[in-house]
Student: 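Let me begin by handing over the structure; questions about it come next.
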Amino acid sequence: MTVTAIPSILVLGRDTCEDTVRSIALLDGRQIAYTYLHVDQDPAADAWIRRLNNGEWWTPTILIGDPGQPDTILREPSDPELLAAIGLG
């Protein structure tokens with residue numbers, strides 16, 4: 001049997017964003033652990049997402065790997081893009 005190690009996942013998003021809701025539903029549906037920061041409720045998360053996106057507010061922005069130095073940064077990814085980034089695509 002092959003076991004795939006899932007990297008650390010940090011989702012910076014908004015509950016009112018369709019792409020954020022879809023990405024979280026995908027992760028939840030596959031029982032993949034992640035941390036979710038609400039950029040519209042957390043000023044530090046808001047500043048972080050804007051810094052990552054040159055002042056823009058792209059949600060979700062998903063960090064794969066160490067949040068301080070992520071291996072991959074996804075901006076509004078499709079489901080196949082997200083799965084590929086975490087090694088399940």
Student: How many angstroms lie between atom CG of Asp71 and atom CD1 of Ile86, to the nearest 0.5 angstrom?
Tutor: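 Nearest 0.5 Å value for the CG-CD1 distance: 13.0 Å.
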
Student: Would the number of heavy atoms belonging to other residues, nucleotides or ligands and lying under 6.0 Å from CD of Gln41 be above 12?
Tutor: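 Yes, enclosed.
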
Student: List in chain and number order the residues that pass salt bridge (Lys or Arg N to Asp or Glu O under 4.0 Å) with Arg22, two or more places apart in sequence or in another chain; answer none if no residue qualifies.
Tutor: Asp19, Asp79

Student: Assess whether side chain to side chain contact (heavy atoms under 4.5 Å, CB included) is satisfied between Ile32 and Leu88, documenting all intermediate values.
Tutor: CA-CA 11 Å; Ile32 298 170; Leu88 297 176; 3.6 Å; yes

Student: For residues Leu27 and Val11, determine if any side-chain heavy atom of one lies less than 4.5 Å from a side-chain heavy atom of the other.
Tutor: yes

Student: Looking only at non-hydrogen atoms, find the nearest pair between Leu74 and Ala85 and report the distance.
Tutor: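 So the two residues come closest at CD1-CB, 3.7 Å.
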
Student: Can you list, by chain and residue number, the hydrophobic cluster partners of Trp57 when the side-chain cut-off is 4.5 Å?
Tutor: Leu10, Leu12, Leu37, Val39, Trp48, Ile49, Leu52, Leu63, Ile73

Student: Kindly state each residue pair satisfying ring-ring contact (aromatic ring centres under 6.0 Å, His included) with at least one member in residues 18-37, sequence neighbours excluded.
Tutor: Tyr36-His38

Student: If I take atom CZ from residue Arg14 and atom CG from residue Asp46, how far apart are they, to the nearest 0.5 angstrom?
Tutor: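 Interatomic distance, Arg14 CZ to Asp46 CG, rounded to 0.5 Å: 10.5 Å.
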
Student: Grab the two heavy atoms, one from Glu76 and one from Glu81, that are nearest each other, plus how far apart they are.
Tutor: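 In terms of heavy atoms, the two residues are closest at O-OE1, 4.4 Å.
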
Student: Examine Val21 and Leu26 and state if one hydrophobic cluster contains both, with Ile, Leu, Val, Met, Phe, Trp and Tyr joined whenever side-chain heavy atoms are less than 4.5 Å apart.
Tutor: no

Student: Heavy atoms, side chains only, cut-off 4.5 Å: are Pro77 and Ile62 in contact?
Tutor: yes

Student: Okay, side chain of Gln69, backbone of Asp66: is any donor-acceptor separation there less than 3.5 Å?
Tutor: no

